[in-house]
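Notes to accompany the following structure.
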Amino acid sequence: MKSATLNENPPTESMPKHPDIPRHIAIIMDGNGRWAKERGLPRREGHRAGAESIREVMEACKELGVEYLTLYAFSSENWNRPEDEVQALMNLLDRFLDEQAKELDKQKVRLQAIGQLDRLPQKTRERLEKIMARTAGHRSMTLVLALSYGAREEIVAAAKALAEDALAGKISPAAIDGDAFASRLQTAGIPDPDLLVRTSGELRVSNFLLWQISYAEIVIVKKFWPDFRQGDLFDSVKEYQSRHRRFGAL
Ligand code: FPP
């Protein structure tokens with residue numbers, strides 16, 4: 001697994017057709033707070049601007065023919081932020097869901113969510129569930145929102161589910177393999193990410209999809225998330241296309 005930091009050349013305006021489009025792109029959207037701080041704005045303004053970048057990136061992924069886009073929108077650790085920031089993030093999520101309810105349906109995009117959704121405010125969860133049900137049959141792209149998500153928690157839950165199934169005689173311990181484990185993760189049925197993008201230049205995976213990113217190509221972009229535009233996504237995909245993926249073989 002190689003990683004590279006994209007420099008700050010002007011981003012690509014458009015993307016030539018290329019056969020090697022990542023099937024699944026996962027993004028750690030980092031740097032909203034620093035973006036706001038640089039402008040003397042409250043942190044919530046950084047998050048608000050970050051929601052705009054989400055819209056751009058969804059468009060770009062659809063244009064490229066990416067099948068799955070997973071966004072780390074709220075981590076299980078984010079609950080430890082000050083109450084007003086958590087509230088601002090939940091309000092933005094509500095607004096995003098309200099705006100996207102019709103749009104996702106129109107664009108034939110399926111919405112899915114991973115994470116401890118029962119920790120979300122009831123109204124937010126209801127909005128989410130409604131759109132997920134409404135878009136369940138769509139396949140032009142799948143947008144996966146990671147909300148109240150932590151990979152370690154997900155892995156522990158899968159281990160518990162396996163232990164319970166073993167106790168109930170549904171699976172023998174000898175039959176437990178990678179597929180059996182992956183089928184108990186919340187991402188069951190979703191292919192592993194081919195490309196993991198992280199903004200703001202930080203070199204961390206921050207408890208995101210730890211099992212699923214085993215062979216993902218990692219691209220680090222030195223821009224805060226609210227500055228991330230369509231061209232930056234195209235550049236990240238170009239970087240991915242320049243890699244030689246070996247999956248551990250020669
Ligand atoms: C990291 O910035 C970003 C998040 C906490 C999650 C991303 C949230 C959004 C893009 C807001 C809108 C979300 C939806 C789904 C509408 P940070 O606060 O950690 O930045 P910092 O590291 O500079 O402090």
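Counting starts at 1 for both ligands and their atoms, in listed order. In this text, all values refer to a predicted model and were calculated from it rather than measured experimentally.
Heavy-atom neighbours of R95 CZ from other residues, nucleotides or ligands within 6.0 Å: at or below the threshold of 12.
Using a 4.0 Å cut-off between a side-chain N of Lys or Arg and a carboxylate O of Asp or Glu, E45 and R48 qualify as a salt bridge. Under 4.0 Å is where a charged nitrogen must lie from a carboxylate oxygen, and between D84 and R44 no such pair does.
With sequence neighbours excluded, the residues that form a salt bridge (Lys or Arg N to Asp or Glu O under 4.0 Å) with D30 are R34, R198. By the salt bridge (Lys or Arg N to Asp or Glu O under 4.0 Å) test, E85 is found to be paired with R43, R81, residues two or more places apart in sequence or in another chain being considered.
Atom 16 (C) of ligand 1 has its closest protein heavy atom at F96 CB, 3.5 Å. Atom 11 (C) of ligand 1 has as its closest protein heavy atom H47 O, 3.5 Å. When hydrogens are left out, the protein atom nearest atom 3 (C) of ligand 1 is M29 O, 3.0 Å; that is the closest non-hydrogen contact. Of all protein heavy atoms, the one closest to atom 14 (C) of ligand 1 is I54 CD1, 3.8 Å.
By the 4.0 Å heavy-atom criterion, R81 is counted among the residues contacting ligand 1. For the ligand labelled ligand 1, residue R95 lies outside the 4.0 Å heavy-atom shell.
The shortest side-chain heavy-atom distance between P193 and I25 does not fall under the 4.5 Å cut-off. Annotation: side chain of F74 is not in contact with side chain of L145 (no heavy-atom distance under 4.5 Å). Looking only at side-chain heavy atoms (C-beta outward), V109 and K62 come within less than 4.5 Å of each other.
If you number the atoms of ligand 1 from 1 as listed, the ones under 4.0 Å from a heavy atom of N78 come out as 5 (C). Every atom of ligand 1 with a heavy atom of A73 under 4.0 Å away is listed here by number and element: 6 (C), 7 (C), 8 (C), 15 (C). Each of the following atoms of ligand 1 lies closer than 4.0 Å to a heavy atom of R34: 21 (P), 22 (O), 23 (O). Which parts of ligand 1 touch W225 is read off a 4.0 Å heavy-atom cut-off, strictly below it: atoms 10 (C).
Contacts of R43 with ligand 1, taken as heavy-atom pairs under 4.0 Å, involve the side chain alone. Here L71 has no heavy atoms under 4.0 Å from ligand 1, in either its backbone or its side chain.
A tilted orientation is assigned to the rings of Y68 and H24, their planes being inclined by 30° to 60°.
Between atom 9 (C) of ligand 1 and the options V86, T199, N32, the minimum heavy-atom separation is to N32.
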